[in-house]
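Here is the structure we will look at, set down as structure tokens.
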Amino acid sequence: MLAYKAFNKDMQAVLGKGVFQFEPGKTYTETGCRCARNGFHCAEDPLDTLSYYTGMDSRFFVVKAGGDINQDGRGTRIACTELTLVKELTRAQLAAHGCMYMQKYPERKTESSHICRETGQCRRKDDFVIVRGKSPQAAGVQGAWLFLVKEKRGSASIDGIWTVYIDGEECRPDTWYGIRGGKICIKTN
């Protein structure tokens, strides 16, 4: 199964036995897996990885989890006996994958400081905020990514996902953006 894994800037992660060094493209195996004890850990929900590696220099990968798989019910955390690092993602790409996960599983709750209901702001360059709701609106500093996840009226299903990159020219810092008529617009109060 495909999942997501985060690392520190040096491509290291903590295992039950200590710090483990990973390399992109390689496959790793363990003899057993039990969440929070042993095996290789990853998550079904991309945004769950931010619970373990929060730094702006963290690295994120799509991984293939195989062999024996164990889940413990803590978020979408998985332990597995075989792990392959498939593709590295930027922070913005991780957020986009997180939005797609929300769209696929709209009833599941994702716990992340990067997700807001109805309104939210991104205050760090090269970071993101995901705003989910019936009328989502967001603002951010230059270099921030805003993801607007619009829910359908009367349900938690996702009607659409829009992305705004605050480049300072077309999209301005500290300006509120929302959705009107299926398009991104500047919100005025």
Original post:
Side chains of T163 and W145: closer than 4.5 Å at any heavy-atom pair?
Top reply: yes

Original post:
Does K5 come within less than 4.0 Å of E88, counting only side-chain N to carboxylate O?
Top reply: no

Original post:
Members other than Y177 in its cluster, when Ile, Leu, Val, Met, Phe, Trp, Tyr link by side-chain heavy atoms under 4.5 Å?
Top reply: V129, V131, L146, L148, W162, V164, I166, I179, I184, I186

**OP:** Give the minimum heavy-atom separation between P106 and A156, together with the two atoms involved.
**Re:** CB-O, 3.3 Å

Subject >> Pairwise distance CD(E82) to CG(D68) - rounded to 0.5 angstrom >> reply: 10.0 Å

Original post:
Between Y28 and F40, what is the ring plane arrangement, given parallel below 30°, perpendicular above 60°, and tilted in between?
Top reply: tilted

Original post:
Out of curiosity, D72 CG to N70 CG, how far, rounded to the nearest 0.5 Å?
Top reply: 6.5 Å

Original post:
Are any non-hydrogen side-chain atoms of R91 and M56 less than 4.5 angstrom apart?
Top reply: yes

**OP:** Show your working on side chain to side chain contact (heavy atoms under 4.5 Å, CB included) between N38 and T31 and close with a plain yes or no.
**Re:** CA-CA 9 Å; N38 62 349; T31 56; 5.8 Å; no

**OP:** Output all residues satisfying salt bridge (charged side-chain N to carboxylate O under 4.0 Å, His left out) with E151, sequence neighbours left out; order by chain, then residue number.
**Re:** R117, R132, K134

**OP:** Answer yes if I130 and Y165 sit in the same cluster of Ile, Leu, Val, Met, Phe, Trp and Tyr residues linked by side chain heavy atoms under 4.5 Å apart, and no otherwise.
**Re:** yes

**OP:** Would you check if there is a donor-acceptor pair between the side chains of D48 and T76 at a distance under 3.5 Å?
**Re:** yes

**OP:** Using a 4.5 Å cut-off on heavy atoms from C-beta on, say whether the side chain of K125 contacts that of Q142.
**Re:** no

Original post:
Does one hydrophobic cluster hold both F20 and M11, with members joined at side-chain heavy-atom distances below 4.5 Å?
Top reply: yes

**OP:** Identify the heavy atoms of G67 and T81 that sit nearest to each other, and give their distance.
**Re:** CA-OG1, 3.3 Å

Original post:
Got a donor-acceptor contact below 3.5 angstrom from the T49 side chain to the L47 backbone?
Top reply: no

Subject >> Inter- and intrachain pairs under salt bridge (charged side-chain N to carboxylate O under 4.0 Å, His left out), touching residues 168-177, at least two apart >> reply: none

Subject >> Student check: side-chain heavy atoms of P24 and F61 closer than 4.5 Å >> reply: yes

**OP:** If you link ILVMFWY side chains whenever their heavy atoms are less than 4.5 Å apart, which other residues fall into the same cluster as Y101? By chain and number, please.
**Re:** Y105

Subject >> Shortest non-hydrogen contact between D127 and H114, atoms and distance >> reply: OD1-NE2, 3.1 Å

**OP:** Start with the C-alpha gap between Q103 and I161, add the side-chain angles, then the distance that decides, and say whether side chain to side chain contact (heavy atoms under 4.5 Å, CB included) holds.
**Re:** CA-CA 8 Å; Q103 189 167 33; I161 301 166; 3.6 Å; yes

Subject >> Distance, nearest 0.5 Å, that separates SG of C122 from CZ of F128 >> reply: 8.5 Å

Original post:
Any side-chain heavy atom of N8 sitting closer than 4.5 Å to one from V19?
Top reply: no

Original post:
So L83 and T27, side chain to side chain contact (heavy atoms under 4.5 Å, CB included) or not? Walk me through it.
Top reply: CA-CA 6 Å; L83 188 81; T27 299; over 6 Å; no

Original post:
What is the distance from atom NZ of K150 to atom CZ of R153, rounded to the nearest 0.5 Å?
Top reply: 5.0 Å

**OP:** Check A6 against A13 and note the closest heavy-atom contact, atom names and distance.
**Re:** O-CB, 4.4 Å

**OP:** Can you measure from NZ (K187) to CD (Q137) and round to the nearest 0.5 angstrom?
**Re:** 5.0 Å

Original post:
Other than I69, which residues form its hydrophobic cluster under the rule that side-chain heavy atoms must be closer than 4.5 Å?
Top reply: M1, I78

Original post:
Is it true that M100 and M102 fall in one hydrophobic cluster, defined by side-chain heavy atoms closer than 4.5 Å?
Top reply: no

Subject >> Backbone of S135 reached by a side-chain donor or acceptor of E118 within 3.5 Å >> reply: yes

Subject >> Atom pair OG (S113) and CG (L50), whose distance is rounded to the nearest 0.5 Å >> reply: 7.0 Å

Original post:
Counting only N and O atoms by type, is there a donor-acceptor contact under 3.5 Å from the side chain of S155 to the main-chain atoms of S157?
Top reply: yes

Original post:
Where do L2 and V62 land on the side chain to side chain contact (heavy atoms under 4.5 Å, CB included) test, with the steps shown first?
Top reply: CA-CA 7 Å; L2 290 180; V62 174; 4.2 Å; yes

Subject >> Summary of salt bridge (charged side-chain N to carboxylate O under 4.0 Å, His left out) pairs that have at least one residue in residues 18-27, sequence neighbours excluded >> reply: E23-K26

Original post:
Where is the tightest heavy-atom contact between G168 and P173, given as atom of each residue plus distance?
Top reply: CA-CD, 4.0 Å

Subject >> Residue pair K64 / V86: nearest heavy atoms and the distance that separates them >> reply: N-CG2, 3.8 Å

Subject >> Min side-chain heavy-atom separation L89-H97 under 4.5 Å >> reply: yes

Original post:
Quick one: are the ring centres of F60 and F7 less than 6.0 Å apart?
Top reply: no

